Trainee: 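A single structure is presented below for examination.
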Amino acid sequence: MSVVQTIRSAAVTAIKSLYSQEVSLSDIAINVTKPEFEGEYTIVVFPFTKFSRQKPEETGNNLGNYLLTHFPELISGFNVVKGFLNLSISNAYWTGFLQTQFNNPHSGRKPANGKKVMVEYSSPNTNKPLHLGHLRNNFLGYSIAEILKANGYEVIKANLVNDRGIHICKSMLAWQLFAHGDTPASTGIKGDHLVGDYYVKFETQLKEQAEPIIARVLENDLRDFEGTEREKVEKLAALLHKPEIQQDKEKSGKITDEIKELARNKTEIMQQAKIMLQQWEAGNPEVRTLWATMNGWVYEGFETTYKRLGIDFDKMYYESQTYLLGKDLVEDGLRKGVLFRKEDNSVWIDLTADGLDQKLLLRGDGTSVYMTQDLGTARLKYDDYHMDQSIYVVADEQNYHFKVLQLILQKLEEPAAAGIYHLSYGMVELPHGRMKSREGTVVDADDMIDEMVNTAAQHTKESGKLRDFSEDELQRLYEMIGLGAMKFFLLRVDPKKKMIFNPEESIDFHGFTGPFIQYAHARIKSILRESGVTDTSHLDTYRHNDSLLPMEKALIVLNEQFGEVLQDAEKEMSPSIIANYAFHLAQQFNSFYAEKVNGVYTYSIVNAESEEKRNLRLQLITLTANTIAQCMKLLGIDVPERM
RNA sequence: GGACCGGUAGCUCAGCUGGAUAGAGCAGCUGCCUUCUAAGCAGCAGGCCAUUGGUUCGAAUCCAAUCCGGUUCACCA
């Protein structure tokens with residue numbers, strides 16, 4: 001049990017005994033003591049004055065005295081300032097923690113709790129390579145999975161690949177039209193990039209073909225449209241010519257976009273893509289073969305990137321195999337009367353009672369929509385694993401979708417409903433706004449990683465410390481540092497906040513960064529090497545009550561908080577909590593390490609003032625290195641022995 | 001328009017289940033490498049915590065209203 005929890009339960013006992021009052025653990029507010037006061041943890045006593053019927057100071061003193069006499073192995077002293085009871089935790093407690101935990105590689109982790117969680121993340125489209133936004137998703141998903149494992153959950157990492165649909169057909173069609181049989185092997189281009197290039201080619205071609213149609217509409221020439229579409233375009237064009245709309249930039253922009261969209265659908269190339277999609281759905285062997293081939297190229301490319309990123313999955317789902325699911329659920333829903341059918345044969349659910357709209361689940365022609373697929377996939381996943389919780393790592397633009405998804409599952413009384421959790425994260429944006437593949441403003445993931453690794457190489461060369469490393473070792477280190485910087489950068493911010501990335505300013509390697517923390521770790525390892533100690537099992541030579549110097553104590557205290565931090569990270573579903581803590585810990589170690597008085601290290605380790613201090617500090621830095629390594633592991637970041 | 005998310009130092013962000021004088025990093029300015037790794041350390045400077053009102057011993061934190069920014073409300077996925 002953590003110190004904070006121990007103090008809490010001691011306080012509950014004390015209050016019961018002193019004031020015959022039952023309070024729950026969560027009623028005890030405990031803070032880290034401000035540095036200007038004596039003690040490590042502070043109990044806020046104001047809330048207790050209600051039943052103590054004493055002044056805050058008096059209440060604090062009574063409580064402090066009780067804790068001191070009844071929990072001497074925990075509390076060694078206290079002071080009261082206004083309504084704050086500052087507790088000094090006994091050295092024996094801290095040294096006890098240090099001695100039992102310093103060499104425990106799983107320190108702070110929770111034992112298995114018997115619960116199963118699925119984390120679905122990554123979920124790429126197979127028509128283009130990964131970009132910066134995907135990286136945030138991948139790192140978040142991976143990290144959350146690790147955090148859940150460390151909290152005792154059994155975790156299944158799942159990836160639902162979006163491998164079919166009109167976007168894939170676009171790449172396929174453009175390849176057929178323009179590639180002259182080019183393959184990754186023939187061009188030397190990574191598979192996902194090659195396919196992505198043809199997706200871009202499709203879009204440029206589409207734009208070219210759409211332009212004359214748009215121009216005609218703007219000149220009131222509607223020859224490209226017929227029937228209801230023609231009416232729609234006519235209306236939009238008329239609206240656009242109204243002076244009040246012309247003045248409203250936002251409105252006119254929206255209308256123009258709608259016209260553009262309609263025009264794009266009228267292009268020959270778009271029509272061809274749609275035909276291709278129909279052929280795909282009908283199982284046309286030629287189209288299916290091309291599809292399988294091109295997806296194969298993309299998977300090869302993804303495989304390389306995933307491997308480099310250190311990301312993996314336990315279970316793959318493919319939309320081509322799941323997109324027809326969900327119809328059974330619709331049947332069940334109709335039988336239960338939860339869903340209803342309209343005259344055109346389409347199937348809907350009415351969510352107006354929940355403050356939402358009606359939602360379509362099956363088109364009039366019996367085909368399913370996105371929501372239907374997701375309902376079916378939710379059932380499939382549940383049937384596969386019977387997990388307690390199912391986490392979807394998906395950008396916040398889909399908040400509404402997941403709200404509706406869960407609601408529908410509840411109404412259908414699906415067992416999967418209870419565990420649905422949308423881990424919603426903000427988009428990564430550029431200074432000018434969102435990344436748009438159509439406009440070519442995406443930051444490519446592979447490029448980004450290369451750049452980070454190059455920067456790492458440059459920094460390392462400048463430091464000139466590792467001349468004895470082989471080329472291989474150096475390359476591995478550059479990857480470790482570059483990726484560490486990258487992952488930390490994307491994980492240190494609260495997931496739900498959108499983040500702005502400026503490609504002009506490179507990601508920092510100083511301060512609140514991955515390399516800073518990796519550096520602290522390498523430093524500790526360097527000291528341990530320097531100390532010559534290989535067997536750490538005989539370091540308990542100091543007594544439990546030996547005094548601890550301020551920074552020694554501060555460092556132990558901080559290490560001890562890891563368990564609580566780990567729980568918080570799980571509760572909040574936020575790796576940023578781990579990132580912040582790891583940085584804080586590395587910083588604390590650096591201060592400890594560097595403190596000098598008159599040119600002499602206060603906390604010299606190798607040349608400590610006594611054998612006892614040397615051993616204590618060796619344990620302390622071993623513990624610190626271990627905690628840092630554990631934190632970074634949770635973020636998917638490796639830490640080096642040297643750098 | 002409805003729903004959801006955000007607004008804290010020049011910039012990027014912590015802190016938000018109410019607690020002491022609001023913290024980091026970057027950028028700027030000072031110092032510190034014959035001593036365990038300077039990707040570091042110590043320090044200076046930088047704030048009407050969007051605004052207004054409320055709740056209370058106490059509000060950046062909770063509530064209400066307002067303002068600003070974003071997302072979303074498809075027979076696209």
Side-chain angles (χ1 to χ4, degrees), chain A residues 26 29 31 33-34 36-37 42 44-47 49 56 81-84 86 125 162 164-167 261 319 323 342 344 346-348 355-357 359-365 367-371 373-374 395-401 403-404 424 426-427 429 433-434 456 459-460 462-463 465-466 481 485 489 492-494 496-502 505 508-520 522-531 571 576-577 579-581 583-584 586-587 589-596 599-601 603-608 617 621 642-643:
Chain A
S26 55
N31 303 322
T33 303
K34 298 255 164 191
E36 57 269 35
F37 301 108
T42 298
V44 184
V45 299
F46 291 106
T49 55
V81 181
K82 291 189 271 176
F84 300 95
N86 300 319
N125 291 340
N162 187 352
R164 50 136 248 133
I166 190 74
H167 49 290
E261 198 54 44
E319 223 181 271
Y323 83 108
K342 288 193 179 175
D344 68 348
S346 58
V347 179
W348 297 72
L356 305 173
D357 297 322
K359 184 89 193 166
L360 176 94
L361 293 180
L362 277 188
R363 296 187 185 101
D365 63 6
T367 56
S368 54
V369 291
Y370 178 42
M371 182 59 77
Q373 290 174 38
D374 259 12
D396 61 5
E397 54 185 1
Q398 293 199 39
N399 285 354
Y400 180 75
H401 172 76
K403 202 173 158 184
V404 173
S424 158
M427 313 283 283
E429 293 180 8
R434 294 175 64 163
H459 278 276
T460 307
E462 276 167 17
S463 81
K465 285 172 195 161
L466 301 171
I481 298 171
F489 179 82
R492 67 180 196 180
V493 184
D494 186 338
K496 67 173 176 287
K497 288 198 175 177
K498 72 168 184 209
M499 47 193 308
I500 294 162
F501 174 73
N502 188 350
E505 298 166 16
D508 221 306
F509 279 51
H510 301 275
F512 185 27
T513 67
F516 176 99
I517 299 167
Q518 290 173 319
Y519 186 71
R523 255 182 166 176
I524 293 174
K525 291 296 175 172
S526 166
I527 299 168
L528 291 173
R529 278 192 301 274
E530 191 75 20
S531 74
K571 210 179 88 202
S576 71
I577 291 173
N580 275 284
Y581 169 76
F583 172 65
H584 193 36
Q587 217 178 19
F589 165 76
N590 280 335
S591 299
F592 165 88
Y593 164 86
E595 178 151 306
K596 269 186 192 181
V600 179
Y601 285 124
Y603 301 99
S604 176
I605 294 147
V606 177
N607 300 307
R617 287 176 197 156
I621 64 170
R642 293 175 60 187
M643 70 184 272

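Small disclaimer: the values here were computed from a predicted structure and weren't measured. We name chains A, B, ... by the order of the sequence lines, and we start the count at 1 in each one.
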Trainee: Under 4.0 Å, heavy atoms only, any strand: does A/Y601 hit a base, just the sugar-phosphate, or nothing?
Mentor: base
Trainee: Roughly how many Å is it from CD1 in A/I500 to P in B/G6, rounded to a whole number?
Mentor: 15 Å
Trainee: Passes side-chain contact (heavy atoms from CB on, under 4.5 Å), A/F512 versus A/N580? Steps please.
Mentor: CA-CA 8 Å; A/F512 185 27; A/N580 275 284; 3.4 Å; yes
Trainee: Whether A/Y370 contacts B/A77 is assessed here as follows: a side-chain N or O lying under 4.0 Å from the phosphate OP1 or OP2. Is that the case?
Mentor: no
Trainee: By the 4.0 Å heavy-atom rule, please label A/G599 as base, sugar-phosphate, or nothing.
Mentor: base
Trainee: Using 0.5 Å steps for rounding, measure from the CZ atom of A/R642 to the NZ atom of A/K465.
Mentor: 10.5 Å
Trainee: Which base, if any, makes a Watson-Crick or G-U wobble pair with B/G69, both distances under 3.5 Å?
Mentor: B/C5
Trainee: Mapping A/V44 and A/N162 to their closest nucleotides on RNA chain B, which lands nearer the 5' end?
Mentor: A/V44
Trainee: Need to verify one output field. Residue with the more 5' nearest nucleotide on RNA chain B, A/M499 or A/H459?
Mentor: A/M499
Trainee: With centres under 5.5 Å and planes under 30°, do A/F46 and B/G19 count as stacked?
Mentor: yes
Trainee: From CG of A/N125 over to C1' of B/A77, roughly how many Å is that when rounded to an integer?
Mentor: 8 Å
Trainee: Between A/K571 and B/U17, does any side-chain N or O lie under 4.0 Å from OP1 or OP2?
Mentor: no
Trainee: Where does B/C41 fall, syn or anti, if syn means a chi angle no more than 90° from 0?
Mentor: anti
Trainee: Provide, to the nearest angstrom, the distance between the CZ atom belonging to A/R164 and the P atom belonging to B/C76.
Mentor: 12 Å
Trainee: If you compare every side-chain N and O of A/H510 against the phosphate oxygens of B/G40 (OP1, OP2), does one of them come in below 4.0 Å?
Mentor: yes
Trainee: Using whole Å, report how far CD1 of A/I524 lies from C1' of B/A39.
Mentor: 15 Å
Trainee: CZ of A/R492 versus C1' of B/G25: gap in Å, rounded?
Mentor: 7 Å
Trainee: Considering every strand shown, what is the Watson-Crick or G-U wobble mate of B/G31 when both distances are under 3.5 Å?
Mentor: B/C41
Trainee: Could you check whether A/K596 gets within reach of a base, just the sugar-phosphate, or nothing at all, counting any heavy atom under 4.0 Å?
Mentor: base
Trainee: Need one value for A/Y603: base, sugar-phosphate or nothing, where a base atom within 4.0 Å counts as base even if backbone is also close, heavy atoms only.
Mentor: base
Trainee: Using a heavy-atom cut-off of 4.0 Å across all strands, would you classify A/D374 as base, sugar-phosphate, or nothing?
Mentor: nothing
Trainee: Does the aromatic ring of A/F84 sit over the six-membered base ring of B/A20, closer than 5.5 Å centre to centre and tilted less than 30°?
Mentor: yes
Trainee: Whole Å only: how far is the CG atom of A/N31 from the P atom of B/G58?
Mentor: 19 Å
Trainee: Dump every N/O contact between nucleotides 69-73 of chain B and the protein below 3.5 Å, one line per pair.
Mentor:
from: B/C73; atom 1: O2'; to: A/D357; atom 2: OD2; distance (Å): 2.8

Trainee: Does the base of B/A42 carry an N or O that pairs as donor and acceptor with the side chain of A/N590 under 3.5 Å?
Mentor: no
Trainee: Report yes if a side-chain nitrogen or oxygen of A/S591 is closer than 4.0 Å to either non-bridging phosphate oxygen (OP1 or OP2) of B/A42; otherwise report no.
Mentor: yes
Trainee: Quick one, A/N399 with A/S424, criterion side-chain hydrogen bond (donor to acceptor under 3.5 Å, both in side chains). Give me CA distance, side-chain angles, the key distance, then yes/no.
Mentor: CA-CA 7 Å; A/N399 285 354; A/S424 158; 2.9 Å; yes
Trainee: Of the candidate nucleotides B/G25, B/U8, B/A39, which contains the atom at the shortest distance from the side chain of A/K497?
Mentor: B/U8
Trainee: Between B/A60 and B/U17, how far apart are the two P atoms, rounded to whole Å?
Mentor: 13 Å
Trainee: Could you identify the nucleotide paired to B/A64, looking across every strand shown and requiring Watson-Crick or G-U wobble geometry with both distances under 3.5 Å?
Mentor: B/U52
Trainee: Expressed in whole Å, how much space separates the C1' atoms belonging to B/U61 and B/G54?
Mentor: 15 Å
